[in-house]
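Ligands are counted one by one from 1 in listed order, and the atoms in each one are counted from 1 as well. When a residue number appears, it is its place in the shown sequence, counting from 1.
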Amino acid sequence: MKTKLPHQCTAPIHSAIQRFQENGIKERYQRYSGGSVDLSKGEDGIAVLTLNNPARMNALTGTMGLELDDRLNELEEWTAGKGLIVRGANNTFCSGTDLNSITVMRSSEDGLEFVTHTQRMTTRLKRLPFISVALVQGKALGAGAELITACDFRLMTPGSEICFLHKQVGIVPGWGGGARLVQIVGGQQSLKLLSGALRMDPVKALNAGLIDDILPPDEDRALEEAHHWLSQYTNAPAEIIQGLKKVISAGRELSIEEALKIERNIFGTMWSSPVSLQALAQAIKRK
Ligand SMILES: CC[C@H](C(=O)O)C(=O)SCCNC(=O)CCNC(=O)[C@H](O)C(C)(C)COP(=O)(O)OP(=O)(O)OC[C@H]1O[C@@H](n2cnc3c(N)ncnc32)[C@H](O)[C@@H]1OP(=O)(O)O
């Protein structure tokens, strides 16, 4: 039996029970509307996903959750995709879940249903076969901070802040940001970030290994700078970038045996592909 690639492993999620739950979630999320999640796909294979709810510092409403699902569907189908920038509108990132929607979801069942959905979204984001980068301008708080852990890389502009402030609102991370933070900065550092609800400026975040770079201090050019930063990792055909990301996703999530099997399969498929043969021929010519 073939081992499934990690990005294909969401299949059991669509069981009848889960579809039923999803329908319930949809109906409920539609009641908390506002803002949008916008996607623009560039011809160079880099897309920009924008959380757009500036009146509430890009807080995530129910309908934005549903739109994020739709945008992920679109991205999963994008064969020419190589990179993704996740950002917020109006020079801020995201102030977390819309607090207005939380006040009416107070039972444990509500909470469980909510994080089942949010974890599924962040897992799909992390498993996209493109290289993703979160561009943090302004504040990334609570669920906003968790969202950035579901990207491959993180960039900040000067004056920005990341804070896992869950303790202050009486909860723990639930979007997968706790487990992913440990993978990014390690257990000790994560415990400090969460239990201290530490406000991480760009220098602190870089020193802690939470982000990968600090962009120059020009807010208006931040997206352009992030694009330029990401292009250094996407300057190859989509088949190759997507293959690389799938190999990394397998290594991140599976046992070594399963990951090696996936690596072999991807290698085998690419070995004789036109893109690979052409790149190899050029490398031989250059020698
Ligand atoms: C289940 C919890 C959840 C999760 O894990 O899923 C979380 O994400 S917990 C984290 C929730 N977020 C917060 O606690 C942040 C709350 N907001 C703030 O601390 C501030 O608003 C801040 C620092 C983001 C911005 O402060 P600033 O002084 O610059 O602006 P305002 O406070 O005046 O905010 C402008 C406007 O936005 C509304 N706003 C901001 N954040 C949220 C939010 N998360 N949900 C709903 N609305 C939000 C704020 O109320 C203001 O609205 P206005 O109508 O103008 O009063």
If you count the non-hydrogen atoms of other residues, nucleotides and ligands that lie under 6.0 Å from NZ in Lys41, is the total more than 12?
-> yes
Only counting residues at least two apart or in another chain, list the ones meeting side-chain hydrogen bond (donor to acceptor under 3.5 Å, both in side chains) with Tyr29.
-> His117
Separation of Asn265 CG from Met270 CE (nearest 0.5 Å) = 13.0 Å
Salt bridge present between Lys261 and Glu258 (N-O < 4.0 angstrom) | no
Is it the case that more than 12 heavy atoms not belonging to Gln188 sit under 6.0 Å from its CD atom?
-> no
Quick one: do Arg87 and Asp38 make a salt bridge, cutoff under 4.0 Å?
-> no
What are the distances between nitrogen or oxygen atoms of ligand 1 and protein nitrogen or oxygen atoms, counting only those under 3.5 Å?
residue, atom, partner, partner atom, Å
ligand 1, 6 (O), Thr97, OG1, 2.4
ligand 1, 6 (O), Trp175, NE1, 2.7
ligand 1, 8 (O), Thr97, N, 2.9
ligand 1, 8 (O), Ala143, N, 2.9
ligand 1, 12 (N), Ser95, O, 2.8
ligand 1, 37 (O), Ala55, O, 3.3
ligand 1, 41 (N), Ser95, OG, 2.9
ligand 1, 44 (N), Ser95, O, 3.2
ligand 1, 44 (N), Ser95, OG, 3.4
ligand 1, 44 (N), Thr97, O, 3.1
ligand 1, 45 (N), Leu99, N, 2.9

